[in-house]
Every structure is written in structure tokens, then in C-alpha cells.
Undergrad: 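Structure provided below as C-alpha cells; questions to follow.
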Number of protein chains: 2
Amino acid sequence: MITDNSTMQLLQQEMAIFIRRAEAARIAYLSEHDCDRSTYLLLQHLKKNGPVGLKAMSTSLQLDISTASRQIASLEAKGFVERTSDPKDARVSLLQLSEEGSSFLRRAKELRHQFFTLLLGEWSQEECEQFGQLLQKFNQTVEQFRQRKISLLKENEQ
Amino acid sequence: MITDNSTMQLLQQEMAIFIRRAEAARIAYLSEHDCDRSTYLLLQHLKKNGPVGLKAMSTSLQLDISTASRQIASLEAKGFVERTSDPKDARVSLLQLSEEGSSFLRRAKELRHQFFTLLLGEWSQEECEQFGQLLQKFNQTVEQFRQRKISLLKENEQ
DNA sequence: TCAATTAGTTGTAAGATACAACTATCGATA
DNA sequence: TATCGATAGTTGTATCTTACAACTAATTGA
């Protein structure tokens, strides 16, 4: 249990700034050759999770299905994603990376890697690892909180 | 210099997720009584930096002045911000927190503090501190990078 | 005094996101 | 098996954050 106010203060403040800065930096230095945050996450997800339906995907990414639907539509238009209808359920169209999507993702990853290497040139390996792990832990904490909250609500409803 | 690919991989991935999750969590659990990220940062800035003009403020916050102008306009409409024209320069209107703005900010801070305390209930004091510091360091790194980049560009131009 | 600069506003646009209304399909049961 | 409730997905609408560009009004330096 944390009671130290100034720690929280710092955390909040820097989180708010971080969200703004991180995005701005990506846009300023990568945008030409990169894709946006959402595209990146979507492509990444498709690469890892093979052919999946929109619902399944939006659920794992914690996105509203309408949001995912639009984003996928735009990726499809660019030729990065292909759909085949699920033989077992005609409502579902299975999504997967196309060749182009795949190589685009590879390229985007490389670029990001280069950019981060440059940006974090003065950081030690250890700091980078720690930061990555703390971000991951935070994300997991939010996820767990969300689930706990939902189940609490459900219990209350009953 | 970092060369470890998987560290970078983790960092990128978790950063992208973090931006989404952090915002979603705030909205989901605080939105009723809270203000958005930008409002929070603006109010906070005004509190710390007393009466300032729009330009000065948008520069320190690294926001386009048009963005800041609109956000301030909306805060003004809510009665959180007051403007007085600068006697030394009629183009400038000096912005400062009103009483309501001030107490709203106090309340928002408290709420956030409560929420974070709940969310990070399982985190140790040390982890919180570390995370806050790493976020801060990252923000500073981006800021420095931006300035270096700009001055490099200027040198090249000459 | 007049041209160039600066502060600020407003028009327009784009990306991320959500909710709600709708269509098409599925599956269980009466 | 015909129907009705649930589910997958799309589309309309809306909000938030942000930026760039065009504009106005005030300032300042030559």
C-alpha cells in the first residue's frame, strides 16, 4: 500500500506528459515511414494470433469492435490484411496478414528499433529493461483491475 | 548504446499498449469526476506558473498555440480560468486559475491519488518511485532529443 | 512611419475511440 | 422446423486531442 503522496504526484504528472510526448515523438520522427500506434498493434496482433475474427481480436485488444472494424477496413484497403470467411460461421470473417502487411510490419519494427536506439542512446541496458518491465507490469495491473472490477460489478448485480 | 533487440521490442510494445490502457482506465474509472489529461496538465501548469500568456504556456507544454487556445477557451467557459490583459502588451492575455479552477484541480488531484492508490495497491513503494522516475527520464530524453534535433536542423540550414 | 514579427483565434482536417442502431447469421427450443 | 434471442460485424454520429494554415490585432525595429 502506497501512502507517499509525492510519489503518486510524480507518477500522475509524468504519465500524462508521457502519453503526449511519446506519441508526438513518434509522429515527428517516424511518421513518414511508420504506421500509427493502432495499426502497429493490430498488425502485431494478427501476426501473432494467426487468422482471427474481429470480435476475438477486439476483445483481446480491449477495443470496441466498431473501432477495430474501421481500423481493419483501412488496413484492408492498403492491402495489409486479408479476410476469408469462416467456413464454420458465416458471420465471421477471418483476418490475417498479407505478404505486404507482413513485410510492412517487419520494416516498421526495424524503423522503430532504430529510432529507439537513437533516442535512448544514453540509457543503460538495465534502465531500458526496467522501464519495459514496469510498463508491462502497469498494463497487466490495469488489465487485472478491469477484470476484478467487472466481476465485482457482476456480483453486486446478482 | 543498446543493442538488445528483445528489450526494445518489449519497450515498444508495452509503450503502445500503455498509452491506450492508461487513458482508457482513467476514463473508465474517473471520468465522472475527473477532467481529461489535457485539462489536468493545463490547470496544473497555470497553478505552478502563475499568470502567463498563451504563447508562453503552449511553448512550455509543447502544444501548438491553437490547441492551447481552444483548450483554454473551454476551461474559461467552465469558469476555471480567468484572463486579464497584459498592461505591457495588449496582444497578450494573462491566464490564471480562478477559485473554482483551483478547487477543481485540488479535487481532481485527490481523486487521482485515490484511484492510483487503489490501482497500484499491490505495487511496492519502490516500484512506484522507479516507474515515476523512468517516465520522467523518458520525457526529459524526448525533450532533449527534440531540442538537439531542432538545433541540428538549424545548423544544417545555415 | 511602415514593414516584419508576434499573440491569439478560427477554419479545417485527421486519428482514435465509443455508443447506438442496424443487418446478417447462428442456435436453441417450442 | 420455424421463430426468436444472441452474436459478428458495419455504419452513423459524436467527442477528444491535436496540428497546420489563414487571418486579425498589436508591437517593434529600421
Side-chain angles (χ1 to χ4, degrees), chain A residues 16-32 34-43 51-78 81 83-95 146, chain B residues 15-32 34-42 51-78 81 83-95 146:
Chain A
I17 297 174
F18 175 83
I19 292 172
R20 191 178 268 170
R21 287 275 210 297
E23 198 62 357
R26 194 192 53 69
I27 290 167
Y29 304 115
L30 286 177
S31 62
E32 301 283 324
D34 192 53
C35 53
D36 17 278
R37 188 164 36 89
S38 62
T39 301
Y40 187 77
L41 287 172
L42 251 58
L43 293 177
V52 271
L54 245 189
K55 184 68 203 308
M57 193 183 63
S58 61
T59 303
S60 358
L61 292 176
Q62 288 173 232
L63 277 178
D64 191 274
I65 193 177
S66 70
T67 303
S69 170
R70 276 177 234 270
Q71 289 177 350
I72 283 293
S74 109
L75 290 179
E76 212 190 343
K78 286 179 192 154
V81 168
R83 35 198 347 152
T84 41
S85 55
D86 189 339
K88 291 175 187 162
D89 187 340
R91 291 170 304 177
V92 176
S93 41
L94 293 171
L95 306 163
R146 200 179 65 95
Chain B
M15 268 179 61
I17 297 173
F18 175 82
I19 292 172
R20 190 178 268 169
R21 286 276 210 294
E23 199 60 359
R26 194 191 53 68
I27 290 167
Y29 304 116
L30 286 177
S31 63
E32 302 282 326
D34 192 54
C35 52
D36 17 279
R37 188 165 36 88
S38 62
T39 300
Y40 187 77
L41 287 171
L42 251 57
V52 271
L54 246 189
K55 184 66 204 308
M57 192 183 66
S58 61
T59 303
S60 2
L61 291 175
Q62 288 173 230
L63 275 177
D64 190 273
I65 193 178
S66 69
T67 303
S69 171
R70 277 177 234 270
Q71 289 176 350
I72 284 293
S74 109
L75 289 179
E76 212 189 343
K78 285 180 193 155
V81 169
R83 40 202 337 157
T84 40
S85 55
D86 188 338
K88 292 174 187 163
D89 188 340
R91 290 170 305 176
V92 176
S93 41
L94 294 171
L95 306 164
R146 199 179 65 96

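So you know, we letter chains A, B, ... as the sequences are listed, proteins then strands, and number each from 1. Everything numeric here is computed off the predicted structure, so don't read it as measured data. For the numbers below, each heavy atom of this structure counts, side chains included, while hydrogens, waters and symmetry mates do not.
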Undergrad: May I have the distance from Ile19(A) (atom CD1) to dA16(C) (atom C1'), rounded to whole angstrom?
TA: 13 Å

Undergrad: Are there any protein N/O atoms within less than 3.5 Å of an N/O atom in nucleotides 23-25 of chain C, and if so, which ones and at what distance?
TA:
{"residue": "dT25(C)", "atom": "O2", "partner": "Arg91(A)", "partner atom": "NH1", "Å": "3.4"}

Undergrad: Does Ser74(B) use its side chain to pair, donor to acceptor, with the backbone of Arg70(B) at less than 3.5 Å?
TA: no

Undergrad: For DNA chain D, which residues in residues 54-61 of chain B have a heavy atom at a distance below 4.0 Å?
TA: none

Undergrad: Can you name the residues that form a salt bridge (charged side-chain N to carboxylate O under 4.0 Å, His left out) with Asp89(B), not counting sequence neighbours?
TA: Arg91(B)

Undergrad: For DNA chain D, note the earliest and the latest nucleotide, 5' to 3', having some atom under 4.0 Å of a heavy atom belonging to chain B.
TA: dT17(D) to dT27(D)

Undergrad: At a heavy-atom distance below 4.0 Å, what parts of residues 63-72 of chain B sit against DNA chain D?
TA: Leu63(B), Asp64(B), Ser66(B), Thr67(B), Arg70(B), Gln71(B)

Undergrad: For Leu42(A) and Leu95(A), what are the C-alpha separation, side-chain angles and deciding distance, and is it a side chain to side chain contact (heavy atoms under 4.5 Å, CB included)?
TA: CA-CA 11 Å; Leu42(A) 251 58; Leu95(A) 306 163; over 6 Å; no

Undergrad: When you compare the side chain of Ile19(B) with that of Glu23(B), does any pair of heavy atoms fall below 4.5 Å?
TA: no

Undergrad: Once rounded to the nearest 0.5 Å, what's the spacing between atom CG of Asp64(B) and atom OG1 of Thr59(B)?
TA: 10.0 Å

Undergrad: For the residue pair Val92(A) and Gly53(A), what are the closest heavy atoms and their distance?
TA: CG1-CA, 3.9 Å

Undergrad: Would you compute the distance between atom OG of Ser69(B) and atom NZ of Lys55(B) and round it to the nearest 0.5 angstrom?
TA: 13.0 Å

Undergrad: Find the distance between CD1 (Ile17(B)) and CG (Leu61(A)) and round it off to the nearest 0.5 Å.
TA: 8.0 Å

Undergrad: Hey, which sits more toward the 5' end of DNA chain C by its nearest nucleotide, Gly53(B) or Pro87(A)?
TA: Gly53(B)

Undergrad: Could you grab the distance from atom CG of Leu54(A) to atom CZ of Arg83(A), nearest 0.5 Å is fine?
TA: 6.0 Å

Undergrad: Specify the separation, in whole Å, of atom CG of Leu94(B) and atom P of dA7(C).
TA: 13 Å

Undergrad: In chain order, what residues pass the side chain to side chain donor-acceptor pair (under 3.5 Å) check against Arg20(A), with sequence neighbours excluded?
TA: none

